[in-house]
Amino acid sequence: MSSEVYQVKLQLATGEQDVTTPDEHFGAIICVMADNNTDSSETISSITDVSTGLDILGNATTAAISNGATAQYEQTEIGGTAVSGKLKLSLTNVAGTGTFDVYVYIAP
């Protein structure tokens, strides 16, 4: 098993409110980065570990991310959470056109 950090991409398109990864992931969450390209402000409701039901954003405070903007949640901000299964991204509002991309960085 490699000890290198790897990236999991979760992408929501227009009209979608949540998406779940097809594969399971295991390890410590190092960082989460969101990239909004939807022509509207979007807010992450949660990024959940499907097997445990825990929100991997932990203690992070999420706010609306305007179109063309990014947001980053670092390990110290999210409280050192981990994942042990599939990941599910949910947004509170998906009004624009385009995609909302979230990159989760995991250390196995």
Side-chain angles (χ1 to χ4, degrees):
M1 177 186 267
S2 173
S3 63
E4 293 184 23
V5 172
Y6 71 98
Q7 176 194 79
V8 175
K9 182 179 181 181
L10 297 151
Q11 184 176 64
L12 286 172
T14 302
E16 297 176 330
Q17 190 164 357
D18 57 55
V19 63
T20 303
T21 60
D23 300 322
E24 293 185 330
H25 301 279
F26 302 90
I29 305 301
I30 302 302
C31 179
V32 175
M33 199 274 290
D35 183 17
N36 183 7
N37 297 296
T38 64
D39 295 331
S40 71
S41 292
E42 306 290 350
T43 303
I44 297 174
S45 175
S46 66
I47 304 174
T48 309
D49 179 333
V50 175
S51 64
T52 64
L54 298 174
D55 187 347
I56 66 163
L57 287 178
N59 300 326
T61 301
T62 59
I65 304 166
S66 58
N67 177 48
T70 60
Q72 182 171 307
Y73 308 97
E74 298 177 11
Q75 188 178 29
T76 54
E77 185 180 8
I78 61 179
T81 58
V83 63
S84 62
K86 295 180 179 182
L87 294 172
K88 180 180 179 180
L89 166 65
S90 298
L91 298 183
T92 57
N93 177 35
V94 186
T97 60
T99 62
F100 187 92
D101 304 319
V102 170
Y103 304 90
V104 180
Y105 296 89
I106 303 170

Is Tyr103 linked to Ile44 within one hydrophobic cluster, defined over Ile, Leu, Val, Met, Phe, Trp and Tyr using a side-chain heavy-atom separation of less than 4.5 Å? no

As an exercise, state the distance from OH of Tyr105 to CD of Gln75, rounded to the nearest 0.5 Å. 14.5 Å

Contact between Ile78 and Ile56 at the side-chain level, heavy atoms closer than 4.5 Å - yes or no? no

Between Val19 and Gln11, is a side chain to side chain contact (heavy atoms under 4.5 Å, CB included) present by the stated rule, with each step listed? CA-CA 7 Å; Val19 63; Gln11 184 176 64; over 6 Å; no

Taking C-beta and beyond as the side chain, do Thr81 and Leu57 meet within less than 4.5 Å on heavy atoms? no

What are the two closest non-hydrogen atoms of Asp55 and Ser46, and how far apart are they? OD2-CB, 3.4 Å

Quick one: does Thr21's side chain have a donor or acceptor within less than 3.5 Å of a partner on Asp23's backbone? yes

With distance as the sole test, does Ser45 use its side chain to make a donor-acceptor pair with the main-chain N or O of Thr92 at under 3.5 Å? no

Nearest-0.5 Å distance that lies between atom CG in Asp49 and atom CD in Glu24: 9.0 Å

Ring pair (Phe, Tyr, Trp, His ring centres under 6.0 Å) filter on Phe26, not counting sequence neighbours, yields none

Do you know which two heavy atoms are closest between Val50 and Lys88, and how far apart they sit? CG2-CB, 3.8 Å

Is the shortest heavy-atom distance from the side chain of His25 to the side chain of Tyr6 under 4.5 Å? yes

Are the side chains of Thr48 and Ser90 in touch, meaning some heavy atoms are under 4.5 Å apart? no

Taking all heavy atoms of Ser84 and all of Ser51, pick out the closest pair and write down the distance. O-OG, 2.9 Å

When the side chains of residues 31-38 are checked against the rest of the protein, which donor-acceptor pairs come out under 3.5 Å, sequence neighbours left out?
unit_1 : atom_1 : unit_2 : atom_2 : d
Asp35  : OD1    : Asn37  : ND2    : 3.4
Asp35  : OD2    : Asn37  : ND2    : 3.2
Asn36  : OD1    : Thr38  : N      : 3.0
Asn36  : OD1    : Thr38  : OG1    : 2.7
Asn36  : ND2    : Ser40  : O      : 2.8
Asn36  : ND2    : Ile65  : O      : 2.6
Asn36  : ND2    : Ser66  : O      : 3.4
Thr38  : OG1    : Ser40  : N      : 3.4
Thr38  : OG1    : Ser40  : O      : 3.0
Thr38  : OG1    : Glu42  : OE2    : 3.1

Pair Tyr73-Ile29, side chain to side chain contact (heavy atoms under 4.5 Å, CB included): steps then yes or no: CA-CA 10 Å; Tyr73 308 97; Ile29 305 301; over 6 Å; no

